[in-house]
Participant: 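There's a structure below that I have some questions on.
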Protein chains: 2
Amino acid sequence: MITAPPEIRWGAATALARGPVVAGLDAGSARNAIGMHGGPYGIYSALAVATGVLAESHRPDLTNTQPSATIGPFDSWFDPGKIVTFDPWGHRVADDFAKQREQGVDIRPSIAVTDGQLRMGEIDEAMRRGRLRADGRFLTTTGDIRVTKIAIEPVWWLPGVADRLGLSEGDLREALFRCTDGMYPALIDDPARKVFLPPIGGTSVYLFGAVSRLGEPTTKITCRVHDECSGSDVFGSDICTCRPYLAFGVEEAVRAAQTGGLGVVVYNRKEGRALGEVVKLLVYNARARSVSGDRADAYFDRTERVAGVCDMRFQTLSTDVLHWLGLRRIDRWISMSNIKADAVLDSGIELIRQIAIPDDKIPAHADVEIAAKRAAGYFIDAA
Amino acid sequence: MITAPPEIRWGAATALARGPVVAGLDAGSARNAIGMHGGPYGIYSALAVATGVLAESHRPDLTNTQPSATIGPFDSWFDPGKIVTFDPWGHRVADDFAKQREQGVDIRPSIAVTDGQLRMGEIDEAMRRGRLRADGRFLTTTGDIRVTKIAIEPVWWLPGVADRLGLSEGDLREALFRCTDGMYPALIDDPARKVFLPPIGGTSVYLFGAVSRLGEPTTKITCRVHDECSGSDVFGSDICTCRPYLAFGVEEAVRAAQTGGLGVVVYNRKEGRALGEVVKLLVYNARARSVSGDRADAYFDRTERVAGVCDMRFQTLSTDVLHWLGLRRIDRWISMSNIKADAVLDSGIELIRQIAIPDDKIPAHADVEIAAKRAAGYFIDAA
């Protein structure tokens, strides 16, 4: 019925004024964004359509799928430069755009918010050792951790992403097209479409404590921004500090909840510093076999020889989620990365105290990684 | 120097006869595949080039990056239909195509193989409870688990993928193009390029035991094929059995290694049955809020209402890695999914014994999931 693509005014004061992002499988002529929902999983949708198990005309039934907790809107949502890598209104689609959806426009949520419970061996151990105690609300006697879980898909406002990276929009679009072997000619041919859903992994957020206290200036915030490392996060690989750091972040987040504050753990799909796992394992081999041994001073150099660059995470793109949550100050920042901290500070969030992983949580084989990071000027907790 | 794209003869008897997959950032006119290395991380490479931190002309220095263990070649590599979702020669690029790389062709590894050690809380507990004992070789007294780790990027042989899914190559290419909002016109315009590196997550493999025994018909194999569930695998979310199942698989894999066999744990990036995490959390809400309660008989239905389909994993595409490892028989198959088992059997691998997760490892809140799976005909271990 509606055939013209709705206009998008990024940073507008309401969802309706901003306009919906239309990129569903059945968007048709109402489509106003480049790409597909689901990040990389859009490819599987294509297979599902091809094999006939998914109808291209299927519209998501969003009954009862609405967020389990209210997030925003906060002032930061109305600054078109503060949140540029996902849609701040992405979780409210079922309500904000109910009318447009009824009229047949294929508008889909790009964020979901639900409640849940976690169990982690490291938290069980913290309880056994007396570092954490059950409170019956945020942490039960059986070690169940109550959380609000959020999944966020990438939705790039291209002018904002370009600006964040210090590029012109045209240069960004040209590089995204050329360096991917020509993915999405619309990046070049259709400059009017300024929103791009890239086929990359998104972000998960775990909130610990009373979510209603988000946005209150007095709420004490503990935060860990963690970039995926499947080998350590899932399997406990001992060559790095990733899972120990993540578990330390969760422990601190629970503590924040128990003392009236809020814990925020952000999990970004940026495996191996966004170089991917194949490159990561190639570098492990190069490090292990170096004639001079696996030395801290060669840690970053080995990566650069293989990958051409030692880090592609672009931390400056990772701060959006903190602004989306309305954070203006983080009281306890659980990280030793000065690159992450600088990105957050530059984005206008105050960091009160930076906290590095305690030495007794560093796996024996991760000493090279830690030494290399310290030598490169990463933060060391003096406390 | 070399400007013509090398021909690819999928299933040929040697790497040289098969020909290299050329898809590097600097492939130029030698490019013979559609897409980019690194799956979704190729997008970050584009940002790195755009911002000037990565030179487009950078060639990976592969010194010392070669596999830490020999994998193959096995007979299955020479059957063009057995392995179609990645390049079976992808880990051997540095040696097999050294000459072509010296001549300037940008050929990159799409698989990496390294050695490492894991620590998992569940294995520590299995040792405390006496279910596992240290052997000093595969499992140390401090709970370190020795493994060979493998990362595999997706590299699709399009005629083979189409055949596996029961489609014509043309229909597959058309759907991949159309249902992704026109990603890669080359899928339509350049039918001569038959290899596609899709921007999706790949597969990790963890091998427990003497890798040299791969391919020996007498080697007893224990295998868990696990599809990613970040909420459970990383954070221990209690609504499903994912991490408990994975940990059970690792425990069984260690046991296989200790009894002279080989444990194989495959980890596929197929979050939320390849529907992605946003859809997964939307469904959690719909299940929790249903007026009839979160019931087993509505478990799959709720997913289908939101996503249009309740599973997009296409297990028939997940069997390649088992053939790549030369497996023809799996003695202990750790899974309750009949869909997974059927795919493996159909691909020509014998399953001797299927083993479901023990009841005492099922989290209390995962009862709805398990009941729904049992009702849907999933395997239940009678033992």
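Letters A, B, ... are given to chains in the order of the sequence lines, protein chains preceding strands, and every chain is numbered from 1. What you are looking at is a predicted structure, and each value in this text was computed from that prediction instead of being measured.
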Participant: At a heavy-atom separation under 4.5 Å, does R269(A) approach chain B through its side chain, its backbone, both, or neither?
Facilitator: both
Participant: Under 4.5 Å heavy-atom distance to chain A, tell me which part of Y267(B) shows up: side chain, backbone, both or neither.
Facilitator: side chain
Participant: What part of P363(A) is in contact with chain B, defined as an atom under 4.5 angstrom from a non-hydrogen atom: side chain, backbone, both or neither?
Facilitator: neither
Participant: Where on L282(A) is there a heavy atom nearer than 4.5 Å to chain B: the side chain, the backbone, both, or neither?
Facilitator: both
Participant: Which atoms of E122(A) come close to chain B, meaning under 4.5 Å heavy atom to heavy atom: side chain ones, backbone ones, both, or neither?
Facilitator: neither
Participant: Quick check on V265(A) against chain B: is it the side chain, the backbone, both or neither that has a heavy atom closer than 4.5 Å?
Facilitator: side chain
Participant: Flag the one option from P199(A), G276(A), G90(A) with the top tally of heavy-atom pairs under 4.5 Å to chain B.
Facilitator: P199(A)
Participant: Hey, are R193(A) and D181(B) close enough for a salt bridge, meaning a charged N less than 4.0 Å from a carboxylate O?
Facilitator: yes
Participant: Please classify the contact between E304(B) and chain A as side chain, backbone, both or neither, with a heavy-atom cut-off of under 4.5 Å.
Facilitator: backbone
Participant: Is E174(A) in contact with chain B via its backbone, its side chain, both, or neither, using a 4.5 Å heavy-atom distance?
Facilitator: neither
Participant: Less than 4.5 Å to any heavy atom of chain B: does that hold for the side chain of T180(A), its backbone, both, or neither?
Facilitator: both
Participant: At a 4.5 Å cut-off on heavy atoms, which part of V306(B) comes close to chain A: side chain, backbone, both, or neither?
Facilitator: both
Participant: Can you say whether D144(B) sits under 4.5 Å from chain A via the side chain, the backbone, both, or neither, judging by heavy atoms?
Facilitator: side chain
Participant: Below 4.5 Å from any heavy atom of chain A, which atoms of L25(B) appear? Answer side chain, backbone, both or neither.
Facilitator: side chain
Participant: Could you walk me through whether L176(A) and I43(B) pass the side-chain contact (heavy atoms from CB on, under 4.5 Å) check?
Facilitator: CA-CA 7 Å; L176(A) 282 171; I43(B) 296 278; 4.1 Å; yes
Participant: Chain A heavy atoms under 4.5 Å from F314(B): which part of the residue, side chain, backbone, both or neither?
Facilitator: side chain
Participant: If you count heavy-atom pairs within less than 4.5 Å of chain A, which of G166(B), P198(B), P109(B) leads?
Facilitator: P109(B)
Participant: Please classify the contact between S45(B) and chain A as side chain, backbone, both or neither, with a heavy-atom cut-off of under 4.5 Å.
Facilitator: both
Participant: Measure the OG-NE2 distance between S110(B) and H37(B) for me, rounded to the nearest 0.5 Å.
Facilitator: 6.5 Å
Participant: Do you know which of R302(B), Q66(B), M120(B) has the most heavy-atom pairs with chain A at a distance under 4.5 angstrom?
Facilitator: Q66(B)
Participant: Heavy-atom distance under 4.5 Å to chain B: side chain of R178(A), backbone, both or neither?
Facilitator: side chain
Participant: May I ask you to name which of G121(B), G182(B), G42(B), G202(B) has the most heavy-atom pairs under 4.5 Å with chain A?
Facilitator: G182(B)
Participant: Could you check which of G35(B), G116(B), S68(B), G38(B) has the highest count of heavy-atom pairs closer than 4.5 Å to chain A?
Facilitator: G35(B)
Participant: Is any side-chain heavy atom of H58(A) less than 4.5 Å from a side-chain heavy atom of D26(A)?
Facilitator: no
Participant: Using non-hydrogen atoms and a 4.5 Å limit, figure out which bit of L246(B) sits close to chain A: side chain, backbone, both or neither.
Facilitator: side chain
Participant: Heavy-atom pairs under 4.5 Å with chain B are the metric here; pick the option from M36(A), Q117(A), R119(A) that has the most.
Facilitator: Q117(A)
Participant: Side chain, backbone, both or neither: which part of S290(A) has a heavy atom under 4.5 Å from chain B?
Facilitator: backbone
Participant: Which one wins on heavy-atom pair count under 4.5 Å against chain B: A274(A), P60(A), P67(A)?
Facilitator: A274(A)
Participant: With the side chain counted from C-beta on, respond yes when D87(B) and I111(B) share a heavy-atom pair under 4.5 Å apart, and no when they do not.
Facilitator: no
Participant: Quick check on K270(B) against chain A: is it the side chain, the backbone, both or neither that has a heavy atom closer than 4.5 Å?
Facilitator: both
Participant: Tell me, for I200(A) versus chain B, whether the close heavy atoms (under 4.5 Å) come from the side chain, the backbone, both or neither.
Facilitator: both
Participant: Take E277(A) and S230(A) through the side chain to side chain donor-acceptor pair (under 3.5 Å) test and state the conclusion after the steps.
Facilitator: CA-CA 8 Å; E277(A) 198 176 28; S230(A) 172; 4.8 Å; no
Participant: Chain B heavy atoms under 4.5 Å from E56(A): which part of the residue, side chain, backbone, both or neither?
Facilitator: side chain
Participant: Counting C-beta onward and ignoring hydrogens, is there a side-chain heavy-atom pair between M183(A) and Y184(B) closer than 4.5 Å?
Facilitator: yes
Participant: Under the rule for side chain to side chain contact (heavy atoms under 4.5 Å, CB included), what residues qualify as partners of D301(A), not counting sequence neighbours?
Facilitator: R305(A)
Participant: Does any heavy atom of chain A fall under 4.5 Å from the side chain of H91(B), the backbone, both, or neither of them?
Facilitator: neither
Participant: Any chance you could measure N268(B), atom CG, to L317(B), atom CG, to the nearest 0.5 Å?
Facilitator: 10.0 Å
Participant: Could you point out which residue of T114(B), T65(B), N64(B), T63(B) forms a side-chain hydrogen bond (donor to acceptor under 3.5 Å, both in side chains) with N285(A)?
Facilitator: T114(B)
Participant: With heavy-atom distances below 4.5 Å as the criterion, would you say the side chains of K149(B) and S204(B) are in contact?
Facilitator: no
Participant: Report the distance from atom OH of Y206(A) to atom CG of L118(A), rounding to the nearest 0.5 Å.
Facilitator: 6.5 Å
Participant: Between CZ of R59(B) and CG of L62(B), what distance do you get to the nearest 0.5 Å?
Facilitator: 11.0 Å
Participant: Rounded to the nearest 0.5 Å, what's the gap from CZ on R173(A) to CG on D189(A)? Could you check?
Facilitator: 9.5 Å
Participant: Using a 4.5 Å cut-off on heavy atoms from C-beta on, say whether the side chain of L172(B) contacts that of L187(B).
Facilitator: no
Participant: Does L275(A) reach the side chain of V309(A), with side-chain heavy atoms less than 4.5 Å apart?
Facilitator: yes
Participant: Between V283(B), V250(B), D233(B), which residue shows the highest count of heavy-atom pairs closer than 4.5 Å to chain A?
Facilitator: D233(B)
Participant: For D106(A), enumerate each residue passing the side-chain hydrogen bond (donor to acceptor under 3.5 Å, both in side chains) test, keeping only those at least two apart in sequence or located in another chain.
Facilitator: R108(A)
Participant: With a 4.5 angstrom heavy-atom cut-off, which part of I145(A) approaches chain B: side chain, backbone, both or neither?
Facilitator: neither
Participant: Among R287(A), E271(A), K280(A), E228(A), single out the residue with the greatest number of heavy-atom pairs under 4.5 Å to chain B.
Facilitator: E271(A)
Participant: Please classify the contact of A307(A) with chain B as side chain, backbone, both or neither, using a heavy-atom distance under 4.5 Å.
Facilitator: backbone
Participant: Salt bridge or not between R146(B) and D115(B)? Use side-chain N to carboxylate O under 4.0 Å.
Facilitator: no
Participant: With a 4.5 Å cut-off on heavy-atom pairs, point out which of Y284(B), F235(B), Y44(B) contacts chain A the most.
Facilitator: F235(B)
Participant: Taking all non-hydrogen atoms of both residues into account, name the closest pair between V234(A) and R243(B) and its distance.
Facilitator: O-NH1, 2.9 Å
Participant: Answer with side chain, backbone, both or neither: which region of A27(A) has an atom nearer than 4.5 Å to a non-hydrogen atom of chain B?
Facilitator: neither
